[in-house]
Amino acid sequence: MRSNRAALRAGVSMAATLPMIAGALALGIPAAHAADGPARDTLAGTRPAWATAKADKGSTSNSAQLNARVYLAGRDANGLAAYAKAVSDPSSPAYGKYLSARQAQARYGATKAQVAAVKAWLAAAGLKVTGTTQHYVSVSGDVAAAEKAFGTQLHNYTKGSKTYRAPSKSASAPASLDGAVLTVTGLDNAPHKASSKDQLPPPDAVFKNSGPFSSYYGSNTASTLPDAYGTKIPYAVEGYTGKQLRSAYGAGGYTGKGVRIAITDAYASPTIAFDAATYARKHGDAAWKTGQLTQVLPKNYTKTEECSAAGWYGEETLDVEAVHAVAPAANVTYVGASSCYDDDLLDSLSKIVDNHLADIVSNSWGDIEANQTPDLAAAYDQVFQFGAVEGIGFYFSSGDNGDEVANTGTKQVDTPANSAWVTAVGGTSLAVGKGDKYLWETGWGTEKALLSADGKSWTNFPGAFTSGAGGGTSATVAEPYYQKGVVPNALATANNAAGNRVVPDISAIADPNTGFKVGQTQTFPDGSAQYSEYRIGGTSLAAPVIAAVQALAQEARGGKAIGFANPSIYSKYGSRVYHDVTDDPTGSGLAVARVDFANGYDAADGLLTSVRSLGKDSSLSAVKGYDDVTGVGTPANGYVESYRKH
């Protein structure tokens, strides 16, 4: 995930978390529309929580221009959600009885008549139809036309230090459309974008780690540095490679052969093929075969400066190399979005579903839940449900800022990891010892203290929280059935007595201080572009690692798709196929010593020596059983094989 993962949406301050969405919409099912007059159906969730009477600055100019998307509910939205659940539940007679993309569209997609009716309604209001897909109708026009179409006034509202447009009440659609409209996005113009989730500066400038290093956990003790927790501590690892991760997570002889994994991010690294091939060759991973790595890219990229496009190159590099390191025979398709905005990321996800480009999708991006709006949540969930009925599982990083309080001032989870229809992947600190032996894991949470000027102590030990696995309880998404009986009641009811979604579901290596080595072409101070390697972490390492482990599991079950995995993941809870991760696996405090270049690439400006404590994830704790740092735990020996029984 990006340098401290949570660069917020540009210029957006923290709003209060969204109100609880009534059960149906929280699972991405359009709620039964409340009557808004005799001829209108309310589109729930289309007025954002920050559009309050107190923040209202009056009407938006009638001539102001906007672009919007009207998402189509399809011919049987409730049926789609019901079948998505049935086909994903190991206890259901319909388990694994997936539909093809064409069958799913034919059974649940919008009809031609519905699309025609929606387009006619929008045009009659004075909006211009600019595009039509299986999922939405896009329109442009002025505010006056939008107000006529959607039955609401658009006002200007303050949100932090900025002013944005939003509906003064929920939008609506004509009842004569008979529920053909799922939701509308774009009526508010607050930025709706995601941040990538890697722990490094944008890779247009070189980043390197300084030594000394450990080659495996504990191999090199920092004997000349002060003690921490009453003992000498090891130097951070140089960066684990595939052999060590495969051993830690029980890969056995499986390689992901015959399994297709898709990766979504924004933009595309121009050197990914060279970098991935070079990295595999240098670290003993199987060579990439012709056609094994493919890219599906948009014709044009937009908002490149606003989204820091080059900063996403490292994200793609990490995702691709981590997947191949753990599942070296899996086919990998990278699907790049034209920007970091939700609309474009949704298009990338839809491209995978509509063309069934893969069975497993790794996604290392997201935003804080307070920036999510129910209209977008419904649009995302519909794509995830279509994926589920086709046997496609989506895996999302849970975030890199723990409970988000240090980052935003508000305790909250990240999105889309908060969706009840995706697998949220949390993070750990991983110790792999001599001979690639799994030693232990803690929940990822880092506190950092610098070496004192005289070198005899750590200043204000253990120091301040810097980063940690995202987790906690959603404020907007109802508790999904598969978490009931597993997630402790105190977590589920933290924001709502009826119970809400808790994140994450499963976890894997994420701590940058016990991280993964990647190789990437970067720009050096002399202006040259050179391949170099560095250690990296974040839950955007955890997500592709879990996606790759799932590819091994799919191979173990004869290539049969696992699909939406959460019901299966939770059905194995409490068994030996998981490492039950806690913050204190050894009975005493854990830390590593880390030495960094002050300028990020060489010793010219000096070195910075610090101690990084492990298992200190803000207010979140990894404890025995399910927890909101690591979920049910991490894959152990037997996890991959356990899928042979389904």
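In this text the structure is predicted, and so the values were computed from the model without any measurement.
The salt bridge (charged side-chain N to carboxylate O under 4.0 Å, His left out) test applied to R612 returns D596, not counting sequence neighbours. Evaluation of the side chain to side chain contact (heavy atoms under 4.5 Å, CB included) rule for A327 yields A330, A548, A551, L552 as partners, not counting sequence neighbours. The ring-ring contact (aromatic ring centres under 6.0 Å, His included) test applied to Y639 returns Y578, Y643, not counting sequence neighbours.
A heavy-atom distance below 4.5 Å is found between the side chains of T241 and Y279. The shortest distance between side-chain heavy atoms of V237 and Y216 does not fall below 4.5 Å. Proximity of T582 to W440: side-chain heavy atoms (C-beta onward) are nowhere separated by under 4.5 Å. No side-chain heavy atom of E316 sits under 4.5 Å from any side-chain heavy atom of I263. With a 4.5 Å cut-off on side-chain heavy atoms, E404 and D414 count as touching. P525 has its side chain within reach of V206: a pair of non-hydrogen atoms, C-beta onward, lies under 4.5 Å apart. In this structure, K208 and F524 have side chains that are in contact, with non-hydrogen atoms separated by less than 4.5 Å. Annotation: side chain of L451 is in contact with side chain of P226 (closest heavy-atom distance under 4.5 Å).
A pairwise comparison of heavy atoms in T514 and L430 identifies OG1-N, 3.0 Å as the closest pair. Closest heavy-atom contact between S247 and D436: OG-O, 2.5 Å. Of all the heavy atoms in Y301 and A268, the pair that sits closest is OH-CB, 3.5 Å. A431 and Y217 get closest at one heavy-atom pair: CB-CG, 3.7 Å. When all heavy atoms of A591 and V611 are compared, the closest pair comes out as CB-CG2, 3.7 Å.
A donor-acceptor pair under 3.5 Å is formed between the side chain of N220 and the backbone N or O of F213. In this structure, the side chain of E321 engages the main chain of G519 through a donor-acceptor pair within 3.5 Å. Remark: side-chain polar atoms of S507 are not paired, donor with acceptor, to backbone N or O of G426 under 3.5 angstrom. A distance-only check finds a donor-acceptor pair linking the side chain of D275 to the backbone of T521 [under 3.5 Å]. Not one N or O on the side chain of D359 forms a donor-acceptor pair closer than 3.5 Å with the backbone of G393. At least one donor-acceptor pair under 3.5 Å links the side chain of S397 to the backbone N or O of T539. In terms of modelled atom types and a separation under 3.5 Å, the side chain of D400 and the main chain of G468 share no donor-acceptor contact. Within the 3.5 Å criterion, the main-chain N or O of A424 finds a donor-acceptor partner in the side chain of D505. No donor-acceptor pair closer than 3.5 Å links the side chain of R246 to the backbone N or O of A325. Judged purely by atom type and a 3.5 angstrom limit, K232 uses its side chain to pair as donor or acceptor with the backbone of S223.
For F396 and F384, the ring centers are positioned less than 6.0 Å apart. For an aromatic pair to be called close, the ring centres must be under 6.0 Å apart, and Y438 with H579 satisfies this.
Using modelled atom types, one finds a donor on one side chain and an acceptor on the other under 3.5 Å when comparing W365 with T264. With no hydrogens or angles considered, a side-chain donor-acceptor pair links S528 and Q530 at under 3.5 Å.
Under the disulfide (SG to SG under 2.5 Å) criterion, no residue pair touches residues 246-299, with sequence neighbours excluded. Within the structure, salt bridge (charged side-chain N to carboxylate O under 4.0 Å, His left out) contacts touching residues 344-358 (residues at least two apart or in different chains) are R69-D347. Screening residues 285-305 for salt bridge (charged side-chain N to carboxylate O under 4.0 Å, His left out) gives no qualifying pairs among residues at least two apart or on separate chains.
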*For the pair K193 and S339, evaluate side-chain contact (heavy atoms from CB on, under 4.5 Å) and give the outcome as yes or no after the intermediate values.*
CA-CA 8 Å; K193 66 179 185 176; S339 84; over 6 Å; no
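Here D367 contributes atom CG and Q372 contributes atom CD; the two are 8.0 Å apart, rounded to the nearest 0.5 Å.
For the salt bridge (charged side-chain N to carboxylate O under 4.0 Å, His left out) with E238, the qualifying choice from K517, R594, R535 is K517, the only one to do so.
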